[in-house]
Each structure stands twice: as C-alpha cells, then as structure tokens.
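Note sheet for the following structure.
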Amino acid sequence: MTQAIQFERHEESAAFFSPLAAMAFAEDRIEVRTDPLTGMTAIASAGLEAKEEMFLGKTDWAYADLLVSRSREGCFFCPEKVFEATPKYPDELVPGGRLQRGRALVFPNLFPLAALHAVVTYPERHFLRPSEFTPSLLEEGLGAAVDVARRAAAHSPALTHVSVCCNHMLPGGASLVHPHLQVFGGQTVPWLVQFYWDRSADWLRRHGESYWRTLVEQEQALGERYVWGVAGVHWLVPFAPAGAREALAVVPGAGRVTDLDDEHIAAIAHGLTRILTWYEDEGLSAFNFTLYGGPLDGSDRGFPVVMRVIARTAFKQDYRTDDYFLQKQLGGELMFAAPEEMAARLRALF
C-alpha cells in the first residue's frame, strides 16, 4: 500500500585526492533528505558525524558556573528585583499585573516584539542546567504560558497567532542566563508559521486528512523515528531535521496553543525533560524550543500544536555558532547522525 507521506532521500558523491588518505583518490558519499511537508533539505556526509563535536562541542561547566556566579548580583529576574524591575499587565488582563503558577511568574517583556510578548521565568532559580528542567517546573512554566495566552486571546480578538518559545543560554540566543520562556503572539503572522499553515492547509485540501496526524500514524507504523506517545502527545525525530539533535512533539487533537489542557502540558513537559537531560548527558547546555499552534480564529489549517526542540552549540570559552550560510541563507540543515539512530537512543530514555 502506498504511503501518503513519501520520505525522499537522494545520494550524490564528491570525489577528490584526499590528504587524509595520503593523497589517494577518495569519494565522499552525501545523503540529502527532503522534508515531506516543507521541502527543506537536510544533508549528511560520510565524515560529518566525526565533525559534530567541532560544531556543537562540549560544555565547559566551570566557565558556565563562573558566568552564573558573576551574573547573579543585579539579575532583575531574581527574587530581590523581579517585582520592582519588571512591567505589569492591566488588571483587566491579569489581576494584580503578573500571573503566578507555582514557581513560574509571568509579566510583559520590557522590549516587546509583538502585541503579546510575555516572559515566563522562575525567580528562585537563577540558572538551570538542561537536566534541571524537571517535569514539574516545565508544567508550571508551560501552564503559565498557556494561561496568559488564553487571557490575551480573549482580551484581544485581533490576535491571530501565539507561540511559546525558549532561548536557553547564550549560544541559544538568550541575553540572560536566568532561565525563561517567552509567549509571542500578534496580528502579523511570522513567515515560518504562515509557511507551516499554508503547506498544512494545502495538504489537508489535497488529502482530506491532516499531514501531522498522518505523520504520527506513519511514523508509529514504521517505528524507525517514533519515540513515545501518551495523552495525545507524540514524540518523534524528524526525517529531515531542521536543527541539531531535533526532536518533535505533535498534539493532533489540539488545534491551537490555547487548546492545550493539563494532560497535554504534562506529557509535553515529561518528554521535553527527557530530551533536555539527554542533551546534557551529551555535553550540551544550550537549546531552543518553540511550541507552535494553528490560527487563533479557529479556522482549520490542518496544523495542530507542534513543538520543535533543538540543541545549540555548547557553552564554553570561544564557542562558535552552529549555523552559517547553509541554515541562515540556503534554508538547509546538517545531519551529524541519522535521525533513526537518534530515535533509537531516545526511545531507551523514555
């Protein structure tokens, strides 16, 4: 039976006289994978896996601890300053101006990039290693983020989209080491979000079924890249990853971030903890994740709630970035190891 989603891969080779083989003629095999929905390409070559440490590196935790210590005094996300140094919402949106859920605190971003741009942080925790993002901490943070998103959507019907994002550590784009999430939403839809919506809507129109639901069903049946699923949340490794060590969570039953219930959030938090702990076990410390969703107006674009999480360059002295022209300007990505191998390693951790 023909599968609806075709996982296409193409092989080519580069031939040269190699100094690694005493200038003998050598041929390097290259595999190019194409994402079935977006058309984005991910590339691997025979020798690339050995270069992963050059790109991502290993965390210098002594140097990280030094930065954490130096940045603690005067940190305006820490409990001594957070209530005097951060903005507040109007009472009609959030009574008291800031929203609290367990250890998580939500307030407006002082330098907003959208109509809704909130910060979710843990005032008592100035720094968290990836493995210290426990399920309960993530449940509180993600739950607080979803709560403020619901309030904003109800208060401002013109909002069209909302996502929950995280930049952790300097190589991940964070300006502070203090851990925090961001809730980002507005009327103008970010290009990539619109692209996902459009491609997903086109797939729905042509096939009569959500691409993402089909993806989960096919990956479960294949078993090569599917990792774990519970409470309607499915974790897998993408066929053509869009970032280093990328893992993907799909929630086919939730159309928008604001539709997530407590069981969804708990399952996302549980899986995310496993991924982040694995990153740390591999010597990594910086990461990004984004929790996307469909349009807030309720229209069915065939795009449910999806989380993407990627590892970034390990924090150390003189760290280098892990993306360059291929990612920033050609829209491609490197694969240091096969997604099937990554999925097999992750399944054991779940």
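Ser210 places a side-chain N or O within 3.5 Å of a backbone atom of Gly302 that can act as its donor or acceptor partner. In this structure a side-chain-to-backbone donor-acceptor pair under 3.5 Å is missing from Asp198 to Phe195.
A salt bridge does not link Arg225 with Glu341: every distance from a Lys NZ or Arg NE/NH1/NH2 to an Asp or Glu carboxylate oxygen is 4.0 Å or more. Using a cut-off of 4.0 Å between Lys/Arg side-chain N and Asp/Glu carboxylate O, Arg33 and Glu8 are scored as not salt-bridged. With respect to the salt-bridge test (charged N to carboxylate O, under 4.0 angstrom), the residues Glu209 and Arg213 qualify.
Under the 4.5 Å side-chain criterion, counting only non-hydrogen atoms from C-beta, Arg151 is not in contact with Glu92. Here the side chains of Thr258 and Val146 are not in contact, with every heavy-atom distance at 4.5 Å or above. You'll find the side chain of Met307 reaches within 4.5 Å of the side chain of Phe289, heavy atoms only.
Legend: residues meeting side-chain contact (heavy atoms from CB on, under 4.5 Å) with Val189, ordered by chain and number and at least two apart, are Thr160, His161, Val193, Gln194, Trp197. Legend: residues meeting side-chain contact (heavy atoms from CB on, under 4.5 Å) with Ala266, ordered by chain and number and at least two apart, are Glu139. Remark: Ala104 engages Val120, Tyr122, Glu140, Ala144 in a side-chain contact (heavy atoms from CB on, under 4.5 Å) (not counting sequence neighbours). With sequence neighbours left out, Ala344 forms a side-chain contact (heavy atoms from CB on, under 4.5 Å) with Arg347.
Applying the ring pair (Phe, Tyr, Trp, His ring centres under 6.0 Å) rule to pairs touching residues 78-99 yields nothing, sequence neighbours excluded. Judged as a side chain to side chain donor-acceptor pair (under 3.5 Å), the pairs with a partner in residues 106-120 (not counting sequence neighbours) are, in order, Asn109-His117, His117-Gln182.
Summarising the geometry of Arg312 relative to Leu284, their closest heavy-atom pair is O-CD2, 4.2 Å, with the distance given to 0.1 Å. When all heavy atoms of Pro123 and Arg103 are compared, the pair lying nearest together is CD-O, 3.5 Å.
Figure legend: Arg129 and Trp61 shown as a cation-pi pair, the cationic atom lying under 6.0 angstrom from the six-membered ring centre and within 45 degrees of its axis. Annotation: cation-pi pair Arg301/Trp203 absent, no NZ/CZ under 6.0 Å from the ring centroid and within 45° of its normal. The side-chain tip of Arg320 points at the ring of Phe55 from less than 6.0 angstrom away and within 45° of straight on.
Between Tyr63 and Phe315, the ring planes lie parallel to each other; the angle is under 30°, not in the 30° to 60° tilted range. Relative orientation of the Phe7 and Phe239 rings is tilted, given thresholds of 30° and 60° on the angle between their planes.
Centroid-to-centroid, the aromatic rings of His270 and Trp228 come within less than 6.0 Å. Ring pair Phe77/His180: centre-to-centre distance below 6.0 Å. Within the 6.0 Å centre-distance limit, the rings of Phe287 and Phe133 are counted as a close aromatic pair.
Here the options are Val183, Val305, Val162, Ile265, the test is side chain to side chain contact (heavy atoms under 4.5 Å, CB included), and the partner is Leu291; only Val305 passes.
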